[in-house]
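Here's the structure, in C-alpha cells; my notes come after.
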Amino acid sequence: MIVKHDMNYLTVLNSAINHKLAPPLAVLRRQQFLIRVLGVGGENRMQGSKFEADSDNILRAITPVLDPNRHKGQAGKVAVIGGCREYTGAPYFAAISALKIGADLSHVFCTKDAAPVIKSYSPELIVHPVLEESYSVGDRDKDHISRRVVAEVDKWMERFDCLVVGPGLGRDPFLLDCVSEIIKQARQSNVPVIIDGDGLFLVTNNLGLVSGYPLAILTPNVNEYKRLVQKVLNCEVNDQDAHGQLLSLAKQIGGVTILRKGKCDLISDGEIVKSVSSHGSPRRCGGQGDILSGSVAVFLSWARQLILADEGNLIISPKNPTMLGCIAGSALLRKAASLAFEDRKRSTLTTDIIECLGRSLEDICPAC
C-alpha cells in the first residue's frame, strides 16, 4: 500500500522530472525505478489486497522451535530428484536451501555423471548417483535398469517428508520415464511432491501423474504456466483475470496446488487464491526458482507436521499445508532476495540469496 509520504515523494519526483531539474543519470534511474515500484506495484497491491496472504504470521506459526529434545530428522528430511550431465547447479540450490532454512537432512538423487560435481559443492548433502540417461542404457536393458532405478529411490521414500522433482533433471526420455514411476511411488506413499523445472515439462505432458493428488505442488514460471494453461484450459493466459484463471486451472488438475511465479506470486489449490507481493529483488539471476522449490519443501513439511499434531489449535488461514508451504516459501525467498540485493546490487547471484535465507527467517521468527 502507498502511504501518504510515498505519494508526496512521487509528486515531488514527477514535478522535478517534468520541470527538467535534471539530477545525475544514476539518481534519475533510481527515481524512475521508485516511481514504478511505488506507483504501479503499490496500486496492484491495493487492488489485490483481499488476496494477500498474512505471510509473516504464517512463517511464525509453522516454523518449529529449536527443541534440544528433538532428534536428527524431526525438523525435516527433503529429497531432490534431479541433476544430469548438463545441469548440476539447480539440484544443489534446491537441496542446500532446504538445509539453510532449517531442514535436518537433504538428499539429491541424480545421474552418475552429476553426482561427483554436486558432492563437490557441499559435504552437507547426501548424494545418490542412481539415475540413468538413455546414452548409457542399451535397449535390451531398459526395463531392468528402470526397475532398479525406481527401487533405489523407493527404498528411501518412507523416510522423506517431501520430494522436489525437476531441478536440473533434463529431458532425456529414459530418465523422464523413470521419474514418472518415482512420482507414482511417492503418491502411493503419501509423500508430498513439488514439481519444478523439467519436472513441469514431464507433468504437463502427463497430467495423470499429479491430477487429483492434494499433496502435489506445481511451481511454474511464466512460460511453464502458459503451457499448462494451453494444455489444461485450452486457451491463452488471461492476466486480466489472473486469480480466476489460476483457480480454474488448479481445480481442473484435481485440486493440486499451483504457485504461479511472477512479480506477484499467485497461489491456489482450486478452492482459494492467495498472493504474495512483498518486495523482492529486481535482479533476476537464474536459480531463484530452485531456492523456492527447496524452501517450499521445508515449509510444507513443517506445516504438515503442525497440522497433523494439531499443536496450538491453529488459528492461521489457510489451513491446507500445501498453501501454507507455498506462501511461506515465496515470502522468505522475496525477503532474502531483497537483503542480498541491498548488499550486492547488480552482482547479486543465487548463492548470495541462499546465504540470506537464515537471516531472513531469523528476522521474522527468532530462534531464541
Side-chain angles (χ1 to χ4, degrees), residues 44-45 47-59 61-62 161-163 183 186-187 190-196 200 203-204 207-221 224-226 228-235 237-262 264-278 292-293 295-332:
N44 286 344
R45 281 195 290 275
Q47 290 175 349
S49 60
K50 67 178 181 179
F51 298 104
E52 188 70 13
D54 187 3
S55 54
D56 281 7
N57 279 332
I58 285 173
L59 278 162
I62 66 177
D161 297 305
C162 190
L163 243 58
I183 294 174
R187 287 191 67 162
N190 212 36
V191 175
V193 180
I194 298 167
I195 309 292
D196 186 43
L200 287 165
V203 165
T204 301
L207 289 167
L209 290 171
V210 296
S211 182
Y213 187 45
L215 293 177
I217 295 175
L218 312 184
T219 60
N221 61 24
E224 293 159 346
Y225 186 73
K226 179 181 178 179
L228 265 176
V229 169
Q230 291 172 337
K231 175 80 172 183
V232 178
L233 300 180
N234 197 29
C235 65
V237 174
N238 179 7
D239 287 325
Q240 300 304 310
D241 185 27
H243 297 80
Q245 188 175 59
L246 178 62
L247 187 73
S248 178
L249 180 63
K251 193 175 295 184
Q252 285 290 319
I253 310 178
V256 302
T257 297
I258 301 175
L259 194 169
R260 178 188 175 183
K261 297 181 284 194
C264 168
D265 290 343
L266 296 180
I267 306 158
S268 179
D269 58 359
E271 297 291 333
I272 61 171
V273 179
K274 288 292 182 181
S275 63
V276 179
S277 58
S278 52
L292 180 64
S293 62
S295 303
V296 171
V298 179
F299 288 119
L300 166 56
S301 302
W302 289 348
R304 196 163 176 240
Q305 289 175 7
L306 187 64
I307 290 169
L308 289 174
D310 194 28
E311 294 176 1
N313 297 314
L314 282 180
I315 58 173
I316 54 173
S317 178
K319 297 196 185 310
N320 182 345
T322 57
M323 290 289 293
L324 293 171
C326 287
I327 292 167
S330 171
L332 189 72

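Keep in mind that what you see is a predicted model, and the values were worked out from it rather than measured.
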With sequence neighbours excluded, tell me which residues meet side chain to side chain donor-acceptor pair (under 3.5 Å) with S330. D265
Just by modelled atom types, is the A242 backbone N or O under 3.5 Å from a matching donor or acceptor in the D239 side chain? no
So, Q305 side chain and W302 main chain: donor-acceptor pair closer than 3.5 Å or not? no
D241: which residues meet the salt bridge (charged side-chain N to carboxylate O under 4.0 Å, His left out) condition with it, sequence neighbours left out? none
Kindly write out the residues that satisfy side chain to side chain donor-acceptor pair (under 3.5 Å) with N238, not counting sequence neighbours, or none if the list is empty. none
Would you find a donor on one side and an acceptor on the other, under 3.5 Å apart, between the side chain of E52 and the backbone of S277? yes
Once you round to the nearest 0.5 Å, how far does NZ of K50 lie from NZ of K274? 11.0 Å
Is the shortest heavy-atom distance from the side chain of L266 to the side chain of F51 under 4.5 Å? no
Quick one: list whatever passes side chain to side chain donor-acceptor pair (under 3.5 Å) with S293, sequence neighbours left out. none
Atom pair CG/CG of D56 and L332 - distance to nearest 0.5 Å: 10.0 Å
Could you give the distance from CG (L200) to CD1 (I194), rounded to the nearest 0.5 Å? 11.5 Å
Measure the CD1-NE2 distance between I267 and H243 for me, rounded to the nearest 0.5 Å. 10.5 Å
To the nearest 0.5 Å, atom CG of L228 lies from atom CG of L249 at 5.5 Å
N/O donor-acceptor pair under 3.5 Å between T257 side chain and L218 backbone: no
All side chain to side chain donor-acceptor pair (under 3.5 Å) counterparts of Q230, not counting sequence neighbours: E236
Show which side-chain atoms of residues 208-215 pair as donor or acceptor with protein atoms under 3.5 Å away, not counting sequence neighbours.
unit_1: S211; atom_1: OG; unit_2: I253; atom_2: O; d: 3.4
unit_1: Y213; atom_1: OH; unit_2: V191; atom_2: N; d: 3.2
unit_1: Y213; atom_1: OH; unit_2: V191; atom_2: O; d: 2.7

Rounded to the nearest 0.5 Å, what separation is found between the NZ atom of K319 and the CG atom of L306? 10.0 Å
